[in-house]
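Comments concern the structure below.
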Amino acid sequence: MTEVLNTAPVNTRVVAVANQKGGVGKTTTTVNLAACLTQHDQQVLLIDLDPQANATSGLGLPLQEGASLYRALLGHGSTIDLLQPTMVPGLDIIPSELDLAGSEVDVARQSNYLHCLNRALEPLIMAGRYHLVLLDCPPALGILTMNALTAAHGILIPMQCEYYALEGLSVMTRIVKQLRDSGANPRLEIEGILMTMFDKRTRLSGEVVDEVRKHFGDAVYETTIPRNVRLSEAPSYGQTIIEYDKHSRGAKAYQAFADEFLARAQLAHPAG
Ligand SMILES: Nc1ncnc2c1ncn2[C@@H]1O[C@H](COP(=O)(O)OP(=O)(O)OP(=O)(O)O)[C@@H](O)[C@H]1O
Ligand SMILES: [Mg+2]
């Protein structure tokens, strides 16, 4: 477990990184945004909510039985006991492992099943040791993603620059509206839309970004993440892009994105 900070408690913002579409850059964004934010003196917790455990292995952690949030989601044991440090100072993780796959069924049996993650995170948020909790969601709108969206203040949606991007987005925005309107999570905001895997050699990438901006305006971050092979190599070394190649285009893009993410979050929520 990480050291208890001696500093005053801070306000914690919970952000779900979600898109039901697979392979759009959710995990790459979660891991590298988290790493870049620590360079701004932010204490960050990454919770790997995907049974694929890509964020866990991408940060160089082994899969450990019982290390995931699975039991805590069912109300057993303390979430705080699950915190683990990573190699990145200022970044902690609650890793994933295969157990988490079972939670789709087991959590669904709980009363008030959409709020299991909310309940599990409560003591952490009360303790006020993290500025940001980032939830890396699986590529489905199942129980885990819905729990993440119920517990979050904001949803960050990574979108690949490709055809059909807009259709996927409208599914996500409809879910956000449903969660708000049903009262399951009235505070849920769209934190922002991040365009990923931008390929400047094709016209398509530019056209997709223009189209998404036309519909979603300022919700789309100014920063776009380029397609960059270094970003896809880093996880196989268990490293973030900052450790693996901080001079790469991918690293510079995620640093610029972290600046923008922070500026926007502070503008909207100046306290904390
Ligand atoms: N900007 C990028 N440039 C090049 N490769 C990238 C980039 N972003 C992500 N990738 C690669 O694309 C693949 C999918 O990315 P990633 O795992 O982040 O997506 P995901 O949305 O989390 O996927 P899943 O839905 O399976 O969880 C990975 O192999 C990753 O290394
Ligand atoms: Mg992923």
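Each ligand, and each atom within it, is numbered from 1 in the order the structure gives.
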Heavy-atom closest pair, residues [X] and [Y]:
{"X": "Val14", "Y": "Leu121", "value": "CG1-CD1, 4.2 Å"}
{"X": "Leu188", "Y": "Ala152", "value": "CD1-O, 3.8 Å"}
{"X": "Pro138", "Y": "Leu144", "value": "CG-CB, 4.2 Å"}

State whether the number of non-hydrogen atoms from other residues, nucleotides or ligands found under 6.0 Å of Leu204 atom CG is greater than 12.
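Count over threshold, so yes.
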Mutual orientation of the aromatic rings belonging to Phe257 and Tyr221 [parallel < 30°, tilted 30-60°, perpendicular > 60°]:
perpendicular
For the Mg ion (ligand 2), check which protein N, O or S atoms are under 2.8 Å away and list them.
Thr27 OG1
Is Glu189 salt-bridged to Arg13, cutoff N-O under 4.0 Å?
yes
What are the distances between nitrogen or oxygen atoms of ligand 1 and protein nitrogen or oxygen atoms, counting only those under 3.5 Å?
residue	atom	partner	partner atom	Å
ligand 1	1 (N)	Pro226	O	2.9
ligand 1	3 (N)	Asn228	N	2.9
ligand 1	3 (N)	Asn228	O	3.4
ligand 1	18 (O)	Thr27	N	3.4
ligand 1	18 (O)	Thr28	N	2.8
ligand 1	18 (O)	Thr28	OG1	2.5
ligand 1	19 (O)	Gly25	N	3.0
ligand 1	21 (O)	Gly23	N	3.4
ligand 1	21 (O)	Val24	N	3.0
ligand 1	21 (O)	Gly25	N	3.1
ligand 1	21 (O)	Lys26	N	3.0
ligand 1	21 (O)	Lys26	NZ	2.9
ligand 1	22 (O)	Lys26	N	3.4
ligand 1	22 (O)	Thr27	N	2.8
ligand 1	22 (O)	Thr27	OG1	2.8
ligand 1	23 (O)	Gly23	N	3.0
ligand 1	25 (O)	Gly23	N	2.9
ligand 1	25 (O)	Lys26	NZ	2.8
ligand 1	26 (O)	Gln52	NE2	3.3
ligand 1	27 (O)	Gln52	NE2	3.4

Filter on ring-ring contact (aromatic ring centres under 6.0 Å, His included), then keep only pairs touching residues 161-207, sequence neighbours left out; what's left?
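Found none.
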Rounded to the nearest 0.5 Å, what's the gap from CE on Met172 to CD1 on Ile155? Could you check?
3.5 Å
Would you tabulate the side-chain donor-acceptor contacts of residues 51-69 under 3.5 Å, counting partners in other chains and residues two or more places apart, or write 'none'?
residue	atom	partner	partner atom	Å
Gln52	NE2	Asp50	OD2	2.7
Thr56	OG1	Asp48	OD2	2.6
Thr56	OG1	Ser96	N	2.9
Ser57	OG	Ala53	O	3.2
Ser57	OG	Asn54	O	3.4
Gln64	OE1	Gln84	NE2	3.1
Ser68	OG	Tyr70	N	3.1
Ser68	OG	Glu97	OE2	2.9

